[in-house]
There are 2 protein chains.
Amino acid sequence: MCPRQHSLVDLSKSPGAEHLRDVLDAYMVEHGMRATEQRRLIIDTFMAAEPHVSIDELLGQVRQKDARIGYATVYRTLKMLAECGIAHERHFDDGFARYELASTESHHDHLICTACGRIVEFEEPQIEDLQLAVADRYGFVVTHHRHELYGLCADCRPGETKASTDP
Amino acid sequence: MCPRQHSLVDLSKSPGAEHLRDVLDAYMVEHGMRATEQRRLIIDTFMAAEPHVSIDELLGQVRQKDARIGYATVYRTLKMLAECGIAHERHFDDGFARYELASTESHHDHLICTACGRIVEFEEPQIEDLQLAVADRYGFVVTHHRHELYGLCADCRPGETKASTDP
DNA sequence: ATACATGCAAACGTTTTGCACTTAG
DNA sequence: CTAAGTGCAAAACGTTTGCATGTAT
């Protein structure tokens, strides 16, 4: 192992992560999948990464440990994680897929700052309830949904400190 | 009841397709754009088409009248309509852009049947209010959003009668 | 007459896959 | 040993654009 430094935040040890590992192991055994060096590295890196990483971002982080890893391997590994329910694939308006660890908590949606790219998760049970009511009103049964609020976060909003007159 | 406002480009309160034509004309004049045969045909066809047409669908309909029309022309015309606020570009989960006339009153979101592709518009002011409340809670100012409910419509649901025990 | 528009085909950016080589079991 | 995984490069996919030709004004 590389005795580089002790990671400050080790999400792989947060509550729930162990269960995810179990789910993953079961899934891989069941599908005759092998635990390769690359997969281990990619999965570990993903679990320690900030939420909503893109494939490219993750690839960059992974390559700091092993520069030979290819895009396709990261791509396929993330697809696999999504397939077995450990990760969720998200498509915001920036054009590429992002992945987040499936949390044990309930469902959440997202606020996205169009200036700095910050992504904040929110939960609003009342909205969830209203969604079901709306669907019911139209005879729909909802299987999944997408709810994204785009705008400016507190740091990017004009008004904090005026003087925003550019030449 | 509604007096027809004249000449001013006031999109937000446009009552009908006729006004949209006026807005369009004004936009084209202002941008030195020409009223070509193709554009007329494409725009007329779009306005008569069902809501949420894709470029390919519209191209198909347009080619029934003039088989020489190219994809790029439809593409550019729809972009232009979106640019001047007459059409809205939507991206659902089927991978390609769809366009709808902006003629309708206030904002709406969508229910999409994942079986037959049916798209239903819904309006729910309470959800809109809650969105603003949520954004405010996180210090965000919302500029736009995306809210899509995916599921099965009444026609595609298993068990027209009841059948509520099916994962 | 000439700037704008068209239609083709090729460029794009991201995702997905075919394939020869490598490797875990 | 052999089925599964890797990395590369190329295909696929919808979207976007450069360019030679056509046309509305």
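Letters A, B, ... are given to chains in the order of the sequence lines, protein chains preceding strands, and every chain is numbered from 1.
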How many whole angstroms separate atom CG of A:Leu58 from atom P of C:dT15? 13 Å
Provide, to the nearest angstrom, the distance between the CD atom belonging to A:Glu83 and the C1' atom belonging to C:dT16. 15 Å
Dump every N/O contact between nucleotides 13-15 of chain D and the protein below 3.5 Å, one line per pair.
from   : atom 1 : to      : atom 2 : distance (Å)
D:dT15 : OP1    : B:Ala97 : N      : 2.6
D:dT15 : OP2    : B:Tyr71 : OH     : 3.1

Decide, yes or no, whether a salt bridge links A:Asp44 with A:Lys65 under the criterion of side-chain N to carboxylate O below 4.0 Å. no
For the pair made of CZ in B:Arg63 and C1' in C:dC8, what is the distance, rounded to whole Å? 11 Å
Could you tell me whether the side chain of B:Gln61 reaches within less than 4.5 Å of the side chain of B:Phe46, counting heavy atoms only? no
Relative to the 5' end of DNA chain C, which residue comes earlier, B:His31 or B:Asp66, by the nucleotide with the nearest heavy atom? B:His31
Determine the interplanar angle of the B:His144 and A:Tyr150 rings, folded into 0 to 90°, and report it as parallel if under 30°, tilted if 30 to 60°, perpendicular if over 60°. parallel
Atom CE of A:Met28 and atom P of D:dA3: how far apart are they, to the nearest Å? 19 Å
Close approaches to DNA chain C from residues 37-47 of chain B, in residue order (heavy atom, under 4.0 Å): B:Gln38, B:Arg39
How would you list, by chain and number, every residue that makes a side chain to side chain donor-acceptor pair (under 3.5 Å) with A:Glu100, sequence neighbours excluded? A:His52, A:Arg90, A:His108, A:His110
Just say parallel, tilted or perpendicular for the rings of A:His107 and A:His145, cut-offs at 30° and 60°. perpendicular
Any side-chain heavy atom of A:Leu24 within less than 4.5 Å of one from A:Met80? yes
On a heavy-atom basis, the closest approach of B:His91 and B:Ala97 is CE1-CB, 3.8 Å
Determine whether any donor atom in the side chain of B:Arg76 lies under 3.5 Å from an acceptor atom in the base of C:dA5, or the reverse, and answer yes or no. no
Closest approach of B:Leu130 and A:Ile127, non-hydrogen atoms and distance? CB-CG1, 3.6 Å
Give the rounded distance in Å between these two atoms: CG of A:Leu59 and C1' of D:dC8. 13 Å
Between C:dG25, C:dA3, C:dG7, which nucleotide has the shortest distance from any of its atoms to the side chain of B:Arg34? C:dA3
Quickly work out the B:Arg68 CZ to D:dT21 C1' distance and round it to whole Å. 14 Å
Phosphate contact (C:dA24 OP1 or OP2) by A:Thr36 side-chain N/O below 4.0 Å: no
Basic-acidic side-chain contact under 4.0 Å: B:Arg68, B:Glu37: no
